[in-house]
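Below: one structure, written as structure tokens.
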Amino acid sequence: MNYPSLVWHLKRTELFADFELAELERVAVSTPYRSYQPGEVIFRMDDLADALFFVRSGLVKISKLFPNGKEAILGVVGQHDTFGELLLEPEERRPTQAEAVEPTTLIVLPRAELQKLLGSKPDLAMKLIRLMAARLFEAQAWSAEVSAYSAPERVASLLYRLAKEFGKPHPQGVELDLKLNQEDIARMVGATRETVSHSLGKLKQLGAIARPRAPMVVRLEQLKNFIEH
């Protein structure tokens with residue numbers, strides 16, 4: 001398959017949207033592609049944070065693993081999203097794990113190159129700070145939801161956010177074609193798979209889910225009403 005140029009993909013990312021094409025050409029020289037298959041780990045917890053990643057195509061889940069073997073999925077990132085930004089200190093270690101959910105191609109910006117750009121582009125530094133602040137805000141907001149919402153409400157909230165970010169228009173609502181199973185959803189909302197199954201059934205009965213099996217079709221207005229009431 002023929003893809004647009006690397007410069008085009010960098011231009012579509014939030015961090016490099018304001019760069020001139022000549023500047024992006026220079027960045028592109030040091031940003032190789034890496035491809036991953038579903039289930040392949042991109043980096044593990046405690047790996048050296050040596051690069052910033054941009055999703056050219058595919059889907060990546062970011063998770064945290066605990067000593068008891070449990071996994072909490074903190075989020076998913078898709079095309080043109082950025083991840084792995086916690087790497088400003090020389091010996092910074094990864095606090096999370098990143099894994100490809102589907103066939104994924106990444107643009108990899110080495111830390112040394114990023115630091116050069118930050119030194120010459122103050123605006124880029126501010127964008128990176130805003131990105132990190134937004135991720136922190138999202139994590140805090142989700143932590144609050146886990147405390148305040150019931151399991152069905154957390155599932156509804158998650159589906160609503162995923163549909164807004166990754167959904168495509170469908171005659172019955174919004175199609176959510178992500179390779180996430182009920183176990184993945186359970187790890188994202190802090191519940192058991194059985195609880196998620198029950199929650200999905202309840203949301204279908206209420207008309208918030210038009211099709212419960214992949215690719216799932218949801219109705220945003222009904223999801224929102226369920227969450228808010």
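Numbering of residues begins at 1 and proceeds along the displayed sequence.
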Could you tell me the separation between the CG atom of Asp46 and the CD atom of Gln97, rounded to the nearest 0.5 Å? 10.5 Å
Pro103 vs Pro38 side-chain heavy atoms within contact, under 4.5 Å: yes
Rounded to the nearest 0.5 Å, how far does CG of Asn181 lie from CZ of Arg187? 8.0 Å
Please confirm whether Lys121 makes a cation-pi placement over Phe16, using NZ or CZ under 6.0 Å from the six-membered ring centre and within 45° of the ring normal. no
Do Glu71 and Ser63 have side-chain atoms, one donor and one acceptor, less than 3.5 Å apart? yes
Leu65: hydrophobic cluster co-members (side-chain, 4.5 Å): Met45
Out of curiosity, Leu162 CG to Leu223 CG, how far, rounded to the nearest 0.5 Å? 10.5 Å
Taken to the nearest 0.5 Å, the spacing of Ile227 CD1 from Ser157 OG works out to 4.5 Å
Which residues, ordered by chain and number, are linked to Ile129 in its hydrophobic cluster, where ILVMFWY side chains connect at heavy-atom gaps below 4.5 Å, directly or through other members? Met126
Quick one: list whatever passes side-chain contact (heavy atoms from CB on, under 4.5 Å) with Val101, sequence neighbours left out. Leu59, Lys61, Lys179, Leu180
Hydrophobic clusters join Ile, Leu, Val, Met, Phe, Trp and Tyr when side-chain heavy atoms are under 4.5 Å apart, directly or via other members; which others share one with Ile62? Tyr36, Ile42, Phe43, Phe53, Val55, Val60, Val77, Phe83, Leu106, Val108
Mind listing the closest non-hydrogen atom pair of Gly58 and Thr104 along with its distance? CA-OG1, 3.6 Å
Working to the nearest 0.5 Å, report the span between OG of Ser199 and CG of Leu158. 11.0 Å
Pair Glu153-Ser150, side-chain donor/acceptor within less than 3.5 Å: yes
Please examine the side chains of Asp18 and Asp123, heavy atoms only from C-beta on, and report whether any two atoms are closer than 4.5 Å. no
Quick one, Leu176 and Val217 - any side-chain contact, counting heavy atoms below 4.5 Å? no
Compare all side-chain heavy atoms of Val76 with those of Met188 and state whether any distance is below 4.5 angstrom. yes
Let me confirm one number: the CZ-CG distance from Arg161 to Leu220, rounded to the nearest 0.5 Å. 13.0 Å
For Val41, the hydrophobic cluster (side chain heavy atoms closer than 4.5 Å, chained through members) also holds none
Please name the pair of heavy atoms, one in Thr195 and one in Ala151, separated by the smallest distance, quoted to 0.1 Å. CG2-CB, 3.4 Å
Is there side-chain contact between Arg44 and Arg94, with at least one heavy-atom pair below 4.5 Å? no
Side chains of Ile209 and Met216: does their closest heavy-atom pair fall under 4.5 Å? yes
Can you sort out the partners of Arg211 under side chain to side chain donor-acceptor pair (under 3.5 Å), two or more places apart, ordered by chain and number? Glu175
Compare every heavy atom of Val196 with every heavy atom of Gln182, then report the nearest pair and how far apart it is. O-CG1, 4.0 Å
